[in-house]
Amino acid sequence: MANVAAMCTSFKQELLNGSHAFGAQGANGTRTVTTKDTFNLALYLVSGSRGVADTVYNTTGELAASGNYTQGGVLLTNATAPTTSGTTAFWTPSAAASWANLTSSGAFDCAVLYNAASTSKLEVAVFTFGSQSITAGTLTINMPTNDSSNALIRIA
Amino acid sequence: MALINIDRGHGIEQVDESELVKTEGVVDNDNEHTVWVEYRFPGSDVIVHRSAHVAMKRWPLGLGALIGDLT
């Protein structure tokens with residue numbers, strides 16, 4: 001099994017249920033959601049099997065809690081609210097995810113985005129990249145351009 | 001010269017960069033632009049430092065396909 005980039009199917013259902021708040025908003029006609037959720041990015045080994053059927057964050061296949069890696073990953077900076085362009089709504093974290101003085105417990109090729117504010121840590125999406133190992137170093141994952149063609153999360 | 005963090009299996013220590021052999025590389029494709037740097041001691045194959053900076057251009061599959069899925 002391998003990690004496969006995807007937006008989780010469960011996330012699409014949760015959007016319809018109003019389970020995620022990527023940005024704060026004022027009270028509307030049906031509910032008041034004035035605070036936004038927090039989102040984390042966690043790293044997974046190449047031997048992992050994260051993918052579209054994931055529903056919640058868990059530590060199966062995640063980097064071990066060693067070498068200055070904390071399971072659960074890092075909190076993403078979310079200073080830019082979701083917006084739209086044309087018929088596409090989109091959102092991207094407003095800063096890179098970074099791990100300093102990291103020695104990874106193995107090669108990894110996957111990052112999982114999940115809602116850390118939700119009780120069950122609802123998973124949003126799985127992202128993959130070329131296999132990496134870090135030794136006493138820094139890993140930085142820079143985010144894509146926040147526009148309707150490249151943003152991390154795009155809905156049209 | 002700069003001090004480089006290294007790990008020889010018993011935690012992080014620092015050595016002068018001049019004592020190490022540096023290797024750099026770039027991965028550039030449709031999905032990412034990644035720059036990495038490695039350090040070894042001369043004559044050794046053991047990597048004692050490796051850092052990487054992964055710049056995502058546009059995440060592949062899944063998310064692109066999502067647009068059609070939700071339309």
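Small disclaimer: the values here were computed from a predicted structure and weren't measured.
- Side-chain N or O atoms of B:Arg50 include none that pairs as donor or acceptor with a backbone N or O of A:Thr135 at under 3.5 Å.
- For B:Ile12, the part sitting under 4.5 Å from any heavy atom of chain A is the side chain, from C-beta outward, and nothing else.
- Not counting sequence neighbours, A:Phe90 has no partner by the ring pair (Phe, Tyr, Trp, His ring centres under 6.0 Å) test.
- Looking at B:Ser51, its side chain does come within 3.5 Å of a backbone N or O of A:Thr138 through a donor-acceptor pair.
- Residues of residues 79-86 of chain A having a heavy atom under 4.5 Å from any heavy atom of chain B: none.
- A distance of 8.0 Å separates OG1 in B:Thr34 from CZ in A:Phe129, rounded to the nearest 0.5 Å.
- The two residues B:Ile6 and A:Ala136 make their nearest non-hydrogen contact at C-CB, 3.5 Å.
- Listed in order of number, the residues of residues 92-108 of chain A that approach chain B to under 4.5 Å between heavy atoms are A:Asn101, A:Thr103.
- The side-chain contact (heavy atoms from CB on, under 4.5 Å) test with B:Met56 singles out one residue from A:Leu152, A:Ile141, A:Asn150, and that residue is A:Ile141.
- When hydrophobic clusters are built by joining Ile, Leu, Val, Met, Phe, Trp and Tyr residues whose side-chain heavy atoms come closer than 4.5 Å, directly or via intermediates, A:Val126 is not grouped with A:Val46.
- Under the 4.5 Å side-chain contact rule for hydrophobic residues, B:Ile4 and B:Phe41 share a cluster.
- Only the backbone of B:Val48 comes within contact range of chain A, with at least one heavy atom under 4.5 Å from a heavy atom of that chain.
- At a threshold of 4.5 Å between non-hydrogen side-chain atoms, the residues A:Asn142 and B:Val54 do not count as touching.
- There is a path of hydrophobic side-chain contacts, each under 4.5 Å, that joins A:Ile153 to A:Leu15.
- Note that CD of B:Glu32 is 8.5 Å distant from OG1 of A:Thr128, once rounded to the nearest 0.5 Å.
- Heavy-atom pairs under 4.5 Å with chain A were tallied for B:Glu13, B:Glu38, B:His49; the largest tally goes to B:His49.
- Under a hydrophobic clustering in which Ile, Leu, Val, Met, Phe, Trp and Tyr are joined whenever their side-chain heavy atoms come within less than 4.5 Å, directly or via other members, A:Val74 and A:Leu113 fall into the same cluster.
- A chain of hydrophobic side-chain contacts below 4.5 Å, direct or via other Ile, Leu, Val, Met, Phe, Trp or Tyr residues, connects B:Val37 to B:Val15.
- Not a single donor-acceptor pair under 3.5 Å links the side chain of A:Gln132 to the backbone N or O of B:Ala52.
- The hydrophobic cluster containing A:Val56 also includes A:Leu122, under a criterion of side-chain heavy atoms closer than 4.5 Å among ILVMFWY residues, counted directly or through chains of members.
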